[in-house]
Every structure is written in structure tokens, then in C-alpha cells.
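Shown next, in C-alpha cells, is the structure this report addresses.
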Protein chains: 2
Amino acid sequence: MKRGLLTDRQKEVLRYRKQGLTQQQIADIIKTSKANVCTIEKAALENIARARDTLEFLYTLDAAHLCTLKSGLDLLKAPEIIYSEAEKMGVKVKYDTITLINRLRDANPDRFRGRQVREDVEVYINEDGDLYFG
Amino acid sequence: MKRGLLTDRQKEVLRYRKQGLTQQQIADIIKTSKANVCTIEKAALENIARARDTLEFLYTLDAAHLCTLKSGLDLLKAPEIIYSEAEKMGVKVKYDTITLINRLRDANPDRFRGRQVREDVEVYINEDGDLYFG
DNA sequence: TCGAATTTAAACACTTCTGCTTAACAGATT
DNA sequence: AATCTGTTAAGCAGAAGTGTTTAAATTCGA
């Protein structure tokens with residue numbers, strides 16, 4: 001059974017990178033092209049991000065589904081929706097408007113284009129008023 | 001780009017499970033066999049474990065490689081090796097013999113069969129004397 | 001012990017991932 | 001201009017993951 005997401009090749013590259021080597025230097029050491037080192041490093045970072053997202057999901061299991069921010073929605077209208085839904089459930093959202101928008105964008109930058117929601121975002125809330133997105 | 005490791009199917013099963021449903025009940029809901037629900041749930045838990053291991057690896061990046069516990073080694077001889085190697089590096093291991101063995105086993109149970117190491121285990125140590133295995 | 005719940009194994013199509021090459025492109029530094 | 005660094009894209013072969021079915025084993029409470 002595989003232990004982690006990272007392949008031996010990916011770990012190798014990350015270790016050399018941590019030591020400050022350039023992609024070209026690493027390419028020479030492991031005998032391949034610098035383009036390939038770039039690809040491998042990128043894949044490694046993606047895998048790490050994916051691992052983080054996976055564990056992030058566990059929080060949504062403890063949380064209740066609050067609402068769905070539908071594709072096309074104006075990002076600035078999201079807080080209003082979220083506050084109103086949370087009030088219905090008798091929970092106070094932990095974040096103010098600005099913080100909420102930032103959290104929303106930071107959580108997964110890919111899902112927003114400027115002020116627009118590109119893809120449906122599910123919003124979860126726990127009893128502490130913490131928000132999670134999935 | 002995929003966000004997490006878990007497929008929609010796997011998330012679905014985990015959510016129903018969290019609600020206390022049996023595999024048979026879930027199978028009826030998502031219209032498949034209970035055996036399949038079992039497989040999906042198992043895959044989900046494996047993915048979560050893999051995500052944890054992946055992030056665990058990041059610690060080994062900050063840590064230095066201490067030694068390798070080779071396949072076939074007696075688990076009870078590991079502490080001696082580790083203490084002696086750490087001393088060479090001028091770092092004091094944070095754990096006593098008993099705790100060390102327990103950490104070693106708990107870190108990844110699959111790599112030990114009774115008192116024997118089944119598969120090479122890399123040992124890393126940081127400046128605080130914390131140990132990581134990979 | 002009976003039956004329900006859970007787990008495991010094997011096999012199958014299908015999809016995705018991985019490492020790799022080649023080639024091109026953008027930014028900095030020299 | 002020439003060089004070094006990092007990125008990106010297309011394509012390819014081999015490996016691994018996913019959902020599924022079917023069938024057999026195991027656990028466990030009543």
C-alpha cells in the first residue's frame with residue numbers, strides 16, 4: 001500500500017530544491033531534462049495541495065451544509081446570503097464581511113474569476129460559526 | 001484541476017456514514033451493492049490516510065536524515081541505533097526507549113510484522129530531537 | 001446458532017497519473 | 001545579444017486508481 005501521494009522522484013526533487021539547487025542542477029544529478037524537473041516539482045506541489053484539501057474536507061463532515069454559491073454569482077453578494085442563512089440556523093458567523101470574502105477567495109482561488117463565481121461552491125458551517133468550502 | 005483526493009462517490013458515502021447509516025442503507029440510496037459501498041468507503045479512508053502521510057513528509061524536509069532501519073531488523077534494536085546516530089550528530093532524541101518503539105509502530109503499523117521490520121524505514125530527526133519516519 | 005452487517009478477493013473496462021522527450025516562451029542577469 | 005532560470009504545451013507508454021459486479025469470508029449482536 002502506497003504511503004503518501006508523493007512518488008520517490010517527487011520527494012527527491014523537493015529535497016534537492018530545499019537545499020537550494022536549481023532545476024538544471026537537479027536535472028544533471030538525476031539525469032533528465034530541466035523541463036522534466038519542473039514538471040515533477042509542479043506535480044509534487046499539486047499533490048501537497050491536494051492532500052491539504054482532502055483533510056480540509058473532513059471539517060465539512062462535522063459541519064452542516066449552509067448554502068450553495070451558484071456559478072455566476074457576484075462575490076460581493078455572498079456575505080449577505082451567508083449571513084442570512086446562518087441566522088436562519090441560529091448560528092453567528094465568525095467572520096466579518098471583508099474577512100469572509102478573503103477567506104472565500106483564498107480557500108480556492110481557481111473558482112473565482114474577478115468578482116464572479118466560476119463554479120458552484122458549497123458552504124458549510126459548524127456550531128462555532130466557522131466556515132468551510134467544498 | 002481536482003481539489004482533493006476524494007471522489008464525489010467517496011464523499012457521498014462518508015457523509016451518509018457520518019449520519020449513522022449502514023452500508024446497505026447507503027447502497028439502496030445510491031443504487032449499488034453493499035459490497036461496493038464497502039469498497040468505496042475503504043478507498044476513502046485510504047485516501048485520507050494518504051493525505052496525512054503526504055503532509056507528514058513535509059516535516060522530513062526540515063529534518064536531517066538520521067539512519068535507515070533495514071528490512072529484517074529487530075524492532076527492539078532500533079532505539080540503540082537511533083540514539084547512537086543522534087549522539088553523533090549532537091542532538092538529543094526527545095523520546096525514551098519505550099515511547100520511541102511505540103512511535104515507530106504507530107507511525108506506520110504496516111511496516112512491521114511482530115518485532116521485525118518488513119520494509120526499510122527512513123528515520124529523520126530535527127534540531128529539537130523530534131523524529132519522523134518515511 | 002441464525003442472520004444481518006461488514007469485509008475481502010478477483011476480474012473487468014475506463015480513466016487518470018507519471019515520467020519522459022522535444023520544443024517553444026518569458027524574465028532576469030550578465 | 002547571449003545565457004541562465006523557470007514554465008508551458010503536446011504527445012506517448014506504462015502504471016495506478018475508480019467504480020462495478022459477483023462470490024465468498026468474517027464479525028457480531030440477538
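Because the structure is a prediction, the values reported are computed rather than measured. Below, chains carry the letters A, B, ... as their sequence lines are ordered, and counting in each starts from 1.
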Contact letters for nucleotides 17-30 of chain C, in which S counts primed atoms plus P, OP1 and OP2 and B counts the base, heavy atoms under 4.0 Å: SSSBBBB-------

Set of residues satisfying side-chain contact (heavy atoms from CB on, under 4.5 Å) with respect to A/A35, sequence neighbours excluded: A/S33

Whichever hydrophobic residues join A/Y59 through chains of side-chain contacts under 4.5 Å: A/Y124, A/Y132

By salt bridge (Lys or Arg N to Asp or Glu O under 4.0 Å) - contacts of A/K88 (at least two apart): A/E85

B/K42 side-chain N/O to C/dT7 phosphate OP1/OP2 under 4.0 Å: no

Residues forming a side-chain hydrogen bond (donor to acceptor under 3.5 Å, both in side chains) with B/K18, sequence neighbours excluded: A/D62

Interface with DNA chain C, restricted to residues 15-25 of chain B and to heavy atoms under 4.0 Å: B/R17, B/T22, B/Q23

Test salt bridge (Lys or Arg N to Asp or Glu O under 4.0 Å) applied to A/K94 - qualifying residues, sequence neighbours left out: A/D130

Axial bend angle, the helix from C/dT8-D/dA23 to C/dT30-D/dA1: five-pair end segments, nearest 10°: 40°

Partner residues of A/T32 under the side-chain hydrogen bond (donor to acceptor under 3.5 Å, both in side chains) criterion, sequence neighbours left out: A/N36

B/F133 side chain reached by B/R103 side chain, heavy atoms, under 4.5 Å: yes

Partners meeting side-chain contact (heavy atoms from CB on, under 4.5 Å) with B/D128 (sequence neighbours left out): B/N126

Sequence-distant partners of B/R115, salt bridge (Lys or Arg N to Asp or Glu O under 4.0 Å), two or more places apart: B/D74

Under the salt bridge (Lys or Arg N to Asp or Glu O under 4.0 Å) test, residues paired with A/E41 that sit two or more places apart: A/R17

